[in-house]
Every structure is written in C-alpha cells, then in structure tokens.
Amino acid sequence: MKIAVIGAGKIGTTMGSKWEAVGHEVVYGSRSPEKYPDLHTAPLADVIAFGDVIFVSIPHGAVPGFAAEYAGALADKIIIDATNAFAAAEISNIPAFQQHTPNARLFRAFNSLGWEIFANPVVDGVTVDHFYCGLDGDARQAVEQLIGDVGINPVYVGDINLHMIVDRVGSLWVSLAMQRGLGRRLAFKMVRE
C-alpha cells in the first residue's frame, strides 16, 4: 500500500517504520519537510496525492484546519485518525473529517495505546489487541491489514459512528497507564469463547 503519514512525531514515525519494514511505501507529510532529513518527506499536498491511506498523527488541534485545507484531496481516501485530546469533550477528530471530507473512508485506530506498544506489541509474552472502527468492506480490510502488519491483533468494533467507544478505550489506557501510574507498557487483550 501507499501510505501518507501526516506528522513525524513518535506515533507517526513508529507506524511508518513498521509499515516500511513489511514492504509498504511510506512518505511523511510535513509543512517543514527539511526538518526531517532522515525520513522520506514531501510537502503535504504531494504526500496526500501519493497515499491510498492517509494516517493522521499531527497535533489534535491542527486537524480541523488540515481537513478543511485539503478537503478536496482527501475526498476519496482512506483516512485513519490517530489523534487524541483526552481532556476535550470530543477526543477524536472524526467530526471534523466528517464535516470536511464526507466521502472519505474514515477510521479511528492507533489512538488507544501508547506508541511504545505499537513499537513492541508483545507484553509479557502476549500479542496485544487493538480496537478500531470505521467503514466496513475493502477499506476495512486494508486498515485491518495495517494493524496486523504492526504485529497487533485487530478487533473491529463497528462503523465509524462507534468511534466514541474506541475513544473510551484510549481514555481507559490513559487512566491506567498515566493517572494510576501503571506505566506505558500497558495494553489490552480480549478473551472470548
């Protein structure tokens, strides 16, 4: 797959390097690509045009402006919102994407665990699970593959209108890992018969 990683922070570079390692084509989008000489970067418009999948990992508050500015280019893309604002009433940026890119195939994923878990998804000998939501069909298969390619078991919650459930998993992670002090190497495993 061709993946446009928007943002070159911990989550963006962790995901990008994992996907590159299994053979996906990854280009990082930045307003200042010269700041990242070790990454394959390009201006945002070029990166969006390149990507089949747009992985958004820029600061939460910058996303509405990004979605509005690049609405036309994002229109038919698979968009994964990995941004968070746990102190806000709306943790995700799904409403901003729905407003500006109503024809995009939206997913909420890679937002409910620390980047350290995505970098090394085996905790105490157990491969962790990752809850995500979005449009069913071919786009879902692509996103599920990307989750699996990171080394994590994907768990589909349902359509994008269930993004608040996925956000609550992220809130639980923050509560346990940070506020309770259990540490960032904390993850989840679903068990069923």
Side-chain angles (χ1 to χ4, degrees), residues 1-16 19 26-32 41 43-115 117-118 130-136 139-140 142-144 146-147 150 152 154-175 177-178:
M1 272 182 262
K2 294 181 176 179
I3 305 169
V5 175
I6 309 301
K10 290 284 191 190
I11 194 75
T13 56
T14 298
M15 298 298 101
W19 291 327
V26 177
V27 178
Y28 296 85
S30 171
R31 294 192 189 278
S32 306
T41 60
L44 288 172
D46 295 342
V47 173
I48 293 167
F50 162 84
D52 300 317
V53 175
I54 313 299
F55 181 76
V56 182
S57 61
I58 56 179
H60 184 273
V63 175
F66 166 79
E69 183 175 349
Y70 296 100
L74 293 167
D76 296 317
K77 303 284 187 173
I78 296 171
I79 299 174
I80 301 173
D81 176 21
T83 66
N84 287 316
F86 289 113
E90 178 62 58
I91 295 170
S92 77
N93 271 294
I94 294 301
F97 283 116
Q98 288 173 322
Q99 176 186 352
H100 298 293
T101 61
N103 295 323
R105 292 164 289 167
L106 297 176
F107 289 84
R108 187 71 168 132
F110 300 102
N111 65 298
S112 58
L113 297 169
W115 68 268
I117 297 296
F118 296 117
H130 183 58
F131 300 91
Y132 77 102
C133 65
L135 185 67
D136 204 353
R140 174 185 162 199
V143 172
E144 193 153 295
L146 291 176
I147 295 169
V150 171
I152 290 178
V155 178
Y156 183 61
V157 173
D159 197 56
I160 195 62
N161 63 347
L162 299 176
H163 71 275
M164 292 182 74
I165 293 172
V166 175
D167 291 345
R168 288 183 186 116
V169 175
S171 294
L172 176 63
W173 185 89
V174 168
S175 177
M178 311 291 232

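Computation of the quantities below employed the complete heavy-atom set of this structure, encompassing side-chain atoms and omitting hydrogens, waters and symmetry-equivalent molecules. Since the model is a prediction, treat every value here as computed from it, not as a measurement.
For the atom pair CG (N84) and OG (S171), the distance works out to 8.0 Å, reported to the nearest 0.5 Å. Between the OG atom in S112 and the CG atom in L172 there is a gap of 9.5 Å [rounded to 0.5 Å].
Side chains of I147 and V143 form a contact here, defined as non-hydrogen atoms less than 4.5 Å apart. At a threshold of 4.5 Å between non-hydrogen side-chain atoms, the residues N111 and D81 do not count as touching. Residues I165 and F131 form no side-chain contact, since every pair of their non-hydrogen atoms from C-beta on lies 4.5 Å or further apart. Using a 4.5 Å heavy-atom threshold, the side chains of V47 and Y28 count as separate. For the pair Q98/I160, a side-chain contact is recorded, criterion being any heavy-atom separation below 4.5 Å from C-beta on.
Counting only residues at least two apart or on different chains, the salt bridge (charged side-chain N to carboxylate O under 4.0 Å, His left out) pairs with a member in residues 154-169 are R108-D167. Within the structure, salt bridge (charged side-chain N to carboxylate O under 4.0 Å, His left out) pairs that include any residue of residues 54-67 do not occur (at least two apart or interchain). The list of side-chain hydrogen bond (donor to acceptor under 3.5 Å, both in side chains) pairs with a residue in residues 68-77, not counting sequence neighbours, reads R31-E69. Evaluation of the salt bridge (charged side-chain N to carboxylate O under 4.0 Å, His left out) test over residues 54-64, restricted to residues two or more places apart or in two chains, returns none.
Annotation for C133 and G158: closest pair CB-O, 3.1 Å, computed over non-hydrogen atoms. Closest of all the heavy-atom pairs between G16 and V26 is O-CG2, 3.8 Å. Between A68 and H100, the shortest heavy-atom distance links the atoms CB-CE1, 3.5 Å.
The side-chain contact (heavy atoms from CB on, under 4.5 Å) test applied to T14 returns W115, F118, A119, not counting sequence neighbours. Remark: H163 engages no residue in a ring-ring contact (aromatic ring centres under 6.0 Å, His included) (not counting sequence neighbours). Residues meeting the side-chain contact (heavy atoms from CB on, under 4.5 Å) test with Y156, sequence neighbours left out: Y132, D136, R140, E144. Evaluation of the side-chain contact (heavy atoms from CB on, under 4.5 Å) rule for T101 yields A71, L74, I79, F97, A104, L106 as partners, not counting sequence neighbours. Applying the salt bridge (charged side-chain N to carboxylate O under 4.0 Å, His left out) rule to E90 yields no partners; only residues at least two apart in sequence or on another chain are considered. A142 meets the side-chain contact (heavy atoms from CB on, under 4.5 Å) test with M1, I78; sequence neighbours excluded.
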- [ ] List the steps and the verdict of side chain to side chain contact (heavy atoms under 4.5 Å, CB included) for V166 and F107.
- [x] CA-CA 10 Å; V166 175; F107 289 84; over 6 Å; no
For residues 54-63, please give each side-chain donor-acceptor pair under 3.5 Å, one per line with the distance, not counting sequence neighbours.
{"from": "S57", "atom 1": "OG", "to": "I6", "atom 2": "O", "distance (Å)": "3.0"}
{"from": "H60", "atom 1": "NE2", "to": "I91", "atom 2": "O", "distance (Å)": "3.0"}
{"from": "H60", "atom 1": "NE2", "to": "S92", "atom 2": "O", "distance (Å)": "3.3"}
{"from": "H60", "atom 1": "NE2", "to": "N93", "atom 2": "ND2", "distance (Å)": "3.4"}

